[in-house]
Number of protein chains: 2
Amino acid sequence: MPPRAAGGHTRVQSLDRALGLLDLLADAGRPLGLSELASAGGLPVSTTHRMLASLTASGHLHQAPDRRYRLGPRLVALGGAAMLPVGPDVPAWLSQLVASTGETTNAATLCGDAVLFVAQVQSAQAMRTSTEDYRRTLPHCSAVGKALLSLLPDSEVVSLADRVGLPRRTSRTIDSVEGLLWAVAQVRLSGYAVDDEEEEYGARCVAVPVPAAPFPLAVSVSGPTSRVTPERVPAIASELARVVRAA
Amino acid sequence: MPPRAAGGHTRVQSLDRALGLLDLLADAGRPLGLSELASAGGLPVSTTHRMLASLTASGHLHQAPDRRYRLGPRLVALGGAAMLPVGPDVPAWLSQLVASTGETTNAATLCGDAVLFVAQVQSAQAMRTSTEDYRRTLPHCSAVGKALLSLLPDSEVVSLADRVGLPRRTSRTIDSVEGLLWAVAQVRLSGYAVDDEEEEYGARCVAVPVPAAPFPLAVSVSGPTSRVTPERVPAIASELARVVRAA
DNA sequence: ACTCCCCTTCCGCATTCCGAAAGGAGCTGG
DNA sequence: CCAGCTCCTTTCGGAATGCGGAAGGGGAGT
């Protein structure tokens with residue numbers, strides 16, 4: 001029985017598993033039963049149950065009368081506390097930007113190797129961008145993604161690209177590491193990033209990084225190419241910079 | 001060696017400890033070093049380190065260049081996802097209420113045996129109520145607290161009161177279980193709760209429960225007794241009910 | 001350069017957690 | 001009304017897993 005050949009394992013199994021369950025619930029977006037969670041997480045039922053019991057007892061999970069589990073109030077507190085350092089300013093920024101640009105705005109951060117949307121205010125217009133809340137996307141094909149990468153050293157950008165690859169989403173998606181590095185360098189120079197139908201046809205986004213934040217953070221404005229025209233991009237970028245810098 | 005005499009063992013030690021560390025960080029409100037966390041949590045340094053490594057690897061914690069730990073982006077996501085079911089409506093409710101009443105508004109939930117504020121929009125007025133974000137308070141002496149308790153069966157209210165006691169904050173604080181039950185019954189009848197200088201002299205609050213929410217939730221308006229007069233209370237209460245019911 | 005402090009890594013012991021299987025509880029269909 | 005189902009909960013022996021004392025770096029202050 002190979003006790004464990006190699007590897008600098010400095011991780012706690014039960015903890016990783018339990019946190020995996022939390023993420024599972026977050027991604028599902030709906031309450032899940034014990035057996036659902038167990039099979040989704042690839043764990044024995046009884047192990048899962050024990051963990052859920054612990055999480056429930058501490059308030060990180062909440063068990064509905066129908067025995068299903070959903071994310072609990074304590075996580076709300078933790079999430080809020082995690083956002084505190086950047087201030088409760090973010091929602092205000094987004095509202096302001098929606099007012100001044102008329103388009104949907106997002107705030108996103110880098111979580112693992114993925115871009116994670118943490119806040120959103122939608123445009124009032126009928127045709128609008130609207131990502132699912134707390135959805136993840138990839139860094140190389142979004143404006144926020146490139147803005148976030150610009151906060152990292154090139155070496156990190158390269159290793160991240162190696163890990164996740166650069167899958168094509170449209171014909172304009174950046175598909176080489178060099179291209180990505182160049183794009184990121186552009187962001188550092190100009191102070192803003194653009195996604196020109198690189199993630200989805202018909203959508204154009206502008207984003208700026210928020211360097212002062214204690215963790216990587218970026219804010220973006222996105223809308224249909226018909227309204228967010230190339231000519232408008234610089235104006236939107238400086239509006240973004242203005243709002244974010246007013247912190 | 002007593003392996004552990006009695007008790008319902010359905011808890012995972014390492015998990016509880018790790019989550020305790022998270023709460024510790026949330027309560028501290030500032031980045032903490034390894035040794036600080038270890039001693040605050042009453043754990044050996046190396047155990048703590050292993051857990052922090054796991055938490056950091058998964059993105060639930062973020063380690064700054066100076067080696068200190070702060071809450072990470074993944075927690076932002078979890079917190080947000082936990083709030084989703086009540087909709088991103090809550091901030092909107094609060095803004096609306098601040099606009100129509102001119103006073104500070106809060107949303108709170110029941111976390112363990114404590115009331116936990118999860119969102120706040122402050123009044124624009126110079127003299128205003130302003131709780132620290134994500135602070136906890138006790139159920140028996142706040143309007144939100146009583147509103148939250150009204151969502152629970154009486155038996156739960158009693159056992160909660162037994163666990164945490166009913167410490168006096170002012171001369172008007174409810175100090176008997178009977179008094180609390182009566183107050184809670186009133187809330188169920190009238191649909192709203194009032195805190196009449198029961199937590200702090202000079203402050204009066206009105207709160208309504210949000211029964212549709214997937215976990216206990218209540219929204220309150222609070223301000224100085226000079227502006228939030230007894231005569232105004234019914235109007236504020238119906239305004240609260242209107243906004244919350246418009247969900 | 002020396003010292004102190006804090007973070008990181010190592011490694012043997014046994015505590016702690018794991019997970020198959022048995023024991024309820026609730027629901028559906030016959 | 002009962003049989004059969006599914007899903008949740010609890011038990012229990014085995015051992016893998018995490019625990020924590022102690023030693024090994026690295027950086028800052030003196």
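Every chain is numbered from 1, with letters handed out A, B, ... down the list of sequences.
Look at CG on B/Leu15: it is 13 Å from C1' on D/dG18, rounded to the nearest Å. Regarding B/Arg67, its CZ atom lies at a distance of 6 Å from the C1' atom of C/dC7, rounded to whole Å. Atom pair B/Gln13:CD and C/dC17:C1' shows a separation of 10 Å (rounding to whole Å applied). Between A/Asp66 atom CG and C/dA25 atom P there is a gap of 18 Å when expressed in whole angstrom units. Put simply, CE on A/Met51 is 11 Å from C1' on C/dG19, counting in whole angstrom units. Note: CG (A/Leu21) to P (C/dC18) measures 11 Å, nearest angstrom. One interatomic measurement links the two molecules: CG of B/Leu52 to P of D/dC19, which rounds to 12 Å at whole-angstrom precision. Rounded to an integer number of Å, the gap from CG of B/Leu34 to P of D/dG20 is 14 Å.
Within the 4.0 Å cut-off from OP1 or OP2 of C/dT8, at least one side-chain nitrogen or oxygen of B/Gln63 is found. The phosphate of D/dC19 (OP1 or OP2) has a side-chain N or O of B/Arg50 nearer than 4.0 angstrom. Proximity of A/Ser35 to the phosphate of D/dC8: a side-chain N or O atom is located under 4.0 Å from OP1 or OP2. Taking 4.0 angstrom as the limit, A/Arg11 places none of its side-chain polar atoms (N or O) nearer than this to OP1 or OP2 of D/dT17. Between A/His49 and D/dC8 there is no side-chain polar atom (N or O) within less than 4.0 angstrom of OP1 or OP2.
Counting any heavy atom pair closer than 4.0 Å across all strands shown, B/Ser46 reaches a base atom. Heavy atoms of A/Thr47 sit under 4.0 angstrom from at least one base atom.
For B/Arg17, the listed nucleotide lying nearest its side chain is D/dC19; candidates were C/dA20, D/dC19, D/dT9. Distances were taken from every side-chain heavy atom of A/Ser14 (C-beta onward) to each of D/dC19, D/dC8, C/dC18; the shortest belongs to C/dC18.
Residues B/Val118 and B/Met83 form a side-chain contact, since some pair of their non-hydrogen atoms from C-beta on lies under 4.5 Å apart. Between B/Leu21 and B/Tyr69, every side-chain heavy-atom pair lies at or beyond the 4.5 Å cut-off. Taking 4.5 Å as the limit, every side-chain heavy atom of A/Ser155 sits out of range of all side-chain heavy atoms of A/Val158.
A salt bridge links A/Asp154 and A/Arg188; the closest N-O separation between the charged side-chain nitrogens and carboxylate oxygens is under 4.0 Å. Taking a cutoff of 4.0 Å between a charged side-chain nitrogen and a carboxylate oxygen, A/Arg74 and B/Asp23 qualify as a salt bridge.
Both B/Leu43 and A/Tyr69 sit near DNA chain D, but only A/Tyr69 has its closest nucleotide nearer the 5' end.
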